[in-house]
Amino acid sequence: MSDAGFHCFAPDWLGFGFSDKPEKGYDDFDFTENEFHEELDKLLDVLEIKSPFFLVVQGFLVGSYGLTWALKNPSRISKLAILNSPLTASSPLPGLFQQLRIPLLGEFTAQNAIMAERFIEAGSPYVLKLDKADVYRLPYLASSGPGFALLEAARKVNFKDISSRIGAGFSSGSWDKPVLVAWGISDKYLPQSVAEEFQKGNPNVVKLQMIEGAGHMPQEDWPEKVVDGLRYFFLNYT
């Protein structure tokens, strides 16, 4: 996207990847939806992003929070692109998030260093290349922070409530900014019907693009197709 002339930021959310890892009870951050929203606001202030911008989201947790942030801040968004995220009340929840809510099992699961790569591979038709798997694995090997963050965030989130708000908030009469749903059709977590149901809720605004050969994380499975779709949408679609 940068090569195509876009000024891009791809931040890790607090607690995840290589970002800071707040500790419960010490850092005044409890991994709630509102707190993630507030931290994104702070990041945009630091980056001095004042004009409406293109927002791209993906995934169950931070993708959902990115969408609810957009619903709170429609004037800050010029166009929105969504890659495989829960979008309607009918969106199923993967077993990982159910395991994380179970006492003791959740703590054990969250500290598994290969959990992230296994989650990605389970939602995709492909196996991650070793160099990419290492990137996802490294934060979990470096400290217990990412596992703790995932555990706390997963136990605080109400996916059914958030998915319902997303479905209603982006429906006809509620949202009028252009939206691209670029959907990996081989997603083993979220069926294609979720994207189709979402698009039917606001057909004049939401453009649906199916990406063959890609799964839950199309930006990993087939980045060239994702980039082509995003470039065309941001430059041409109104």
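Keep in mind it's a predicted model, so treat the numbers as computed, not measured. Count residues from 1 along the sequence. All values below come from the heavy atoms of this structure, side chains included, with hydrogens, waters and symmetry mates left out.
- The hydrophobic cluster containing F9 also contains F36, counting ILVMFWY residues as joined when their side-chain heavy atoms lie under 4.5 angstrom apart, directly or transitively.
- At a threshold of 4.0 Å, the pair R155-E107 counts as salt-bridged, since one of the basic side-chain nitrogens sits closer than that to a carboxylate oxygen.
- Taking CZ of R118 as the start and CG of L128 as the end, the distance is 11.0 Å to the nearest 0.5 Å.
- No more than 12 heavy atoms of other residues, nucleotides or ligands sit less than 6.0 Å from atom CG of D3.
- For Y232 and Y237, the ring centers sit 6.0 Å or farther from each other.
- Distance alone, capped at 3.5 Å, is enough to place a donor-acceptor pair between the S19 side chain and the G15 backbone.
- The residues D45 and K42 are annotated as not salt-bridged, no charged nitrogen and carboxylate oxygen being separated by less than 4.0 angstrom.
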How far apart are the C-alpha atoms of L80 and L180, what are their side-chain angles, what is the distance that settles it, and do they pass the side chain to side chain contact (heavy atoms under 4.5 Å, CB included) test? CA-CA 6 Å; L80 173 65; L180 170 68; over 6 Å; no
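- Between P74 and W175, the shortest heavy-atom contact is CB-CZ3, 3.7 Å.
- Within the 4.5 Å cutoff, the side chain of V227 has no heavy atoms near those of the E224 side chain.
- In terms of heavy atoms, R76 sits closest to D41 at NH1-OD1, 4.1 Å.
- Looking only at distances, no side-chain donor or acceptor of Q192 sits under 3.5 Å from a matching main-chain atom of I185.
- The two residues E39 and L14 make their nearest non-hydrogen contact at CG-CD1, 3.5 Å.
- Contact annotation: the side chain of Q219 never approaches that of I211 to less than 4.5 Å [non-hydrogen atoms, C-beta and beyond].
- The environment of F108 atom CZ is sparse: at most 12 non-hydrogen atoms of other residues, nucleotides or ligands sit within 6.0 angstrom.
- Between the CD atom of E38 and the CH2 atom of W69 there is a distance of 13.0 Å, given to the nearest 0.5 Å.
- E121 and Y136 share no donor-acceptor pair across their side chains, judged by distance under 3.5 Å alone.
- Checking H216 against K188 by side-chain atom types alone, no donor-acceptor pair falls below 3.5 Å.
- Annotation: side chain of N84 is not in contact with side chain of M217 (no heavy-atom distance under 4.5 Å).
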Just do the side-chain hydrogen bond (donor to acceptor under 3.5 Å, both in side chains) check on S90 and E197 with the steps written out, would you? CA-CA 9 Å; S90 62; E197 180 183 350; 2.8 Å; yes
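- When every heavy atom of I166 is checked against every heavy atom of S64, the shortest pair comes out as CD1-O, 4.0 Å.
- Looking at heavy atoms from C-beta onward, P178 lies out of side-chain contact with S78 at the 4.5 angstrom threshold.
- The main-chain N or O of F31 is never found under 3.5 Å from a side-chain atom of E152 such that the two would form a donor-acceptor pair.
- Residues Y65 and F60 place their aromatic rings such that the two centres sit no closer than 6.0 Å.
- Taking the side chain as every heavy atom from C-beta outward, F6 and R231 approach each other to under 4.5 Å.
- Across all non-hydrogen atoms, the minimal contact from S85 to G59 is OG-N, 3.0 Å.
- For the pair D221 and P125, the minimum side-chain heavy-atom distance is below 4.5 Å.
- A cation-pi arrangement is found for K225 relative to W222, the charged atom lying closer than 6.0 Å to the ring centre and inside a 45° cone about the ring normal.
- Distance check, rounded to the nearest 0.5 Å: CD1 of I162 to OG1 of T68 gives 5.5 Å.
- Nearest heavy-atom pair, G169 versus S174, reported as atom, atom and distance to 0.1 Å: O-CB, 3.3 Å.
- For the pair D187 (side chain) and Y189 (backbone), a donor-acceptor distance under 3.5 Å is present.
- Other residues, nucleotides and ligands contribute at most 12 non-hydrogen atoms within 6.0 Å of the CG atom of D20.
- Transitive grouping of hydrophobic side chains (ILVMFWY, heavy atoms separated by less than 4.5 Å) keeps L230 and L87 in distinct clusters.
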Begin from the C-alpha positions of K207 and V181 and carry the test side chain to side chain contact (heavy atoms under 4.5 Å, CB included) through to its verdict. CA-CA 6 Å; K207 172 182 172 60; V181 177; over 6 Å; no
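- Hydrophobic clustering places F159 together with W13 (ILVMFWY residues linked when any side-chain heavy atoms are closer than 4.5 Å, directly or through intermediates).
- Between F97 atom CZ and L93 atom CG the span is 7.0 Å, to the nearest 0.5 Å.
- Checked for salt-bridge contact, K156 and E33 miss the test: no charged N lies under 4.0 Å from a carboxylate O.
- At least one side-chain heavy atom of L71 sits under 4.5 Å from a side-chain heavy atom of F170.
- For T88 (side chain) and V194 (main-chain N/O), no donor-acceptor pair under 3.5 Å exists by modelled atom type.
- Atom CD of residue Q209 and atom CG of residue L83 lie 10.0 Å apart, to the nearest 0.5 angstrom.
- Aromatic ring centres of F233 and F54 lie farther apart than the 6.0 Å criterion allows.
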Evaluation steps, side chain to side chain contact (heavy atoms under 4.5 Å, CB included), between F18 and V135: CA-CA 10 Å; F18 295 97; V135 173; 4.3 Å; yes
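- Using a 4.5 Å cut-off between side-chain heavy atoms of Ile, Leu, Val, Met, Phe, Trp and Tyr, with links allowed through other members, L43 and L67 fall into the same hydrophobic cluster.
- Counting non-hydrogen atoms of other residues, nucleotides and ligands closer than 6.0 Å to NZ of K129 gives a total of 12 or fewer.
- Contact annotation: the side chain of K177 never approaches that of V179 to less than 4.5 Å [non-hydrogen atoms, C-beta and beyond].
- In this structure, the separation between NZ on K200 and OG on S172 is 13.5 Å, given to the nearest 0.5 Å.
- Cluster membership check: L190 does not share its hydrophobic cluster with I120, using side-chain heavy-atom separations under 4.5 Å among Ile, Leu, Val, Met, Phe, Trp and Tyr.
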